[in-house]
Amino acid sequence: MAENAPAILWFRRDLRLGDHAALLTAAKSASRVLALYVLDDALLKPSGAPRTAFLSGCLRALDEQLSGRLLVVHGDPVRAVPEVAEAIGAGSVHVHADTAPYGRRRDQEVAAELGRRGVDWVETGSSYAITPGRVTKPDGEPYRVFTPFFRAWLRHGWPSPADTSASTVDWIDPDGLSGVDIPDAPDLGSMTLPEPGERAALAAWDHFRDEALPDYDNRRDRPDLDASSRLSPYLRWGCVHPRTLLAELGDEDEAFRAELAWREFHADVLWHRPETARRNYNTKFDAMKLETGPAARSAFEAWCQGRTGYPVVDAGMRQLLAEGWMHNRVRMIVASFLVKDLHLPWWWGARHFMRHLVDGDLASNQLNWQWVAGSGTDAAPYFRIFNPTTQGEKFDPQGDYVRRYVPELAGLSGKTVHQPWKAGPPDGYPAPVVEHAHERRVALERYGELSP
DNA sequence: TGGATATTGGG
DNA sequence: CCAATATCC
């Protein structure tokens with residue numbers, strides 16, 4: 001890009017507050033830098049949504065580090081970017097988009113609009129694109145199975161994280177621009193959210209790397225332990241770049257590297273098949289018989305509230321409401337329950353997750369739901385149906401996780417919490433809404449009706 | 001990144 | 001009887 005041109009650093013809905021590499025690269029060739037964060041309308045709609053609160057926290061944390069010079073613009077990027085370009089008095093500005101791969105199609109719309117207004121378009125990297133260039137099969141086709149993707153991704157390699165210690169960005173004060181502010185955090189009531197911002201992200205990383213990473217492969221499935229990284233909100237909001245983590249990981253950390261690779265894999269799948277955010281990746285599942293009537297709505301409500309009568313399912317759903325986060329193993333269990341025990345559309349569950357998760361990421365969330373439902377790429381085979389009781393006993397062997405989130409069951413000791421119906425009905429805790437053994441047979445029957 | 005059930009082989 | 005194994009969904 002030309003020297004001495006003002007630059008707008010444009011971050012779309014997926015903020016990458018910690019991706020200093022993109023900021024610095026752009027800043028070095030610009031005379032002035034204006035950090036512009038465009039928030040997609042979708043972020044602002046559910047006024048009580050915790051992900052909005054976490055985002056506000058991230059923005060405040062960054063604003064603090066930038067001495068109050070952060071400019072935030074809400075709204076449709078197609079309109080907002082040129083408006084700001086006009087407001088700062090530049091006939092031509094360079095726009096750097098740091099986008100997720102699945103945002104590219106929208107970016108092309110934005111680029112076309114900017115072109116019509118005489119604004120130059122420069123694209124920089126993305127914290128999804130860990131690798132320079134796309135990881136594809138030798139014939140150029142995208143991978144549809146994770147394991148070969150993972151191997152190719154490891155072989156492909158990635159650059160070191162940028163050195164951000166010598167920042168020379170000259171931040172301009174955005175005083176006088178209209179529509180500029182950091183959104184207020186909504187009232188969270190009794191919710192507890194993680195500390196936002198880059199510093200908190202790096203602290204979480206330090207803690208995880210030193211305490212849980214060495215035994216991650218063995219312990220990550222245990223929701224009762226502090227064994228997972230808890231980094232997902234920071235990765236989702238860009239408070240830390242995955243390359244920053246990868247730089248400190250080695251071959252012995254394969255299990256955790258695979259988790260980072262899953263993010264990229266799903267982002268890549270969604271980029272190639274954007275409609276799979278809402279529809280079955282495998283369209284053969286369009287013929288699946290689903291429950292959608294009043295009884296289904298009522299079962300869905302019980303699932304959302306954590307009142308299904310299956311302890312580990314209810315614990316997970318209540319953790320989601322209380323923290324905007326749920327342990328990964330439990331996400332699989334509650335998702336399997338919604339799809340295979342309640343026979344509800346996976347997108348009902350995915351939408352509830354996106355509304356409440358502080359780490360809710362469109363690609364990872366929707367495609368992991370499809371993985372559970374069996375309709376996704378490289379999906380779990382249809383016959384793999386979790387038994388919610390067995391899963392609870394296996395991964396929460398002492399019942400500590402259940403008791404932490406389901407107070408009605410706090411009086412039951414040890415693993416007996418996983419079968420409260422045996423000890424007589426505890427006060428206020430519901431009987432199972434469905435019988436698993438029966439619903440399992442129903443699910444298998446319905447899968448059997450699909451064309452091969 | 002299962003589970004249910006039948007079968008087998010050692011106690 | 002129970003644990004390990006095989007097989008099917």
Nucleotide of [options] approaching [X] most closely (side-chain heavy atoms):
| X | options | result |
| --- | --- | --- |
| A/Asn328 | C/dC9, B/dG3, B/dT1 | B/dT1 |
| A/Asn387 | C/dC9, B/dT1, B/dA4 | B/dA4 |
| A/Trp262 | B/dT1, B/dA4, B/dG2 | B/dT1 |

What residue among A/Trp303, A/Phe386, A/Trp421 forms ring-ring contact (aromatic ring centres under 6.0 Å, His included) with A/Tyr310? A/Trp421
Between A/Trp325 and A/Arg230, is there a cation-pi geometry (under 6.0 Å to ring centre, at most 45° from the normal)? yes
Give a yes/no verdict on a cation-pi contact between A/Arg257 and A/Trp153, requiring under 6.0 Å between NZ or CZ and the six-membered ring centre and an angle within 45° of the axis. no
Kindly assign one of parallel, tilted or perpendicular to the pair A/Trp262 and A/Phe146, based on the angle between their ring planes and the thresholds 30° and 60°. parallel
[X] [atom1] to [N] [atom2]: how many Å, rounded?
| X | N | atom1 | atom2 | value |
| --- | --- | --- | --- | --- |
| A/Tyr447 | C/dC9 | OH | P | 16 Å |
| A/Phe337 | B/dT1 | CZ | P | 24 Å |
| A/Leu444 | B/dG2 | CG | C1' | 11 Å |
| A/Glu393 | B/dA4 | CD | P | 11 Å |
| A/Arg441 | B/dG3 | CZ | P | 16 Å |
| A/His438 | C/dC9 | NE2 | C1' | 17 Å |
| A/Phe386 | C/dC9 | CZ | P | 21 Å |
| A/His436 | B/dG3 | NE2 | C1' | 8 Å |

Does A/Arg384 place a side-chain N or O at less than 4.0 Å from the phosphate oxygens OP1/OP2 of C/dC8? no
N/O (side chain, A/Gln391) to phosphate O (OP1/OP2, B/dG3) under 4.0 Å: yes
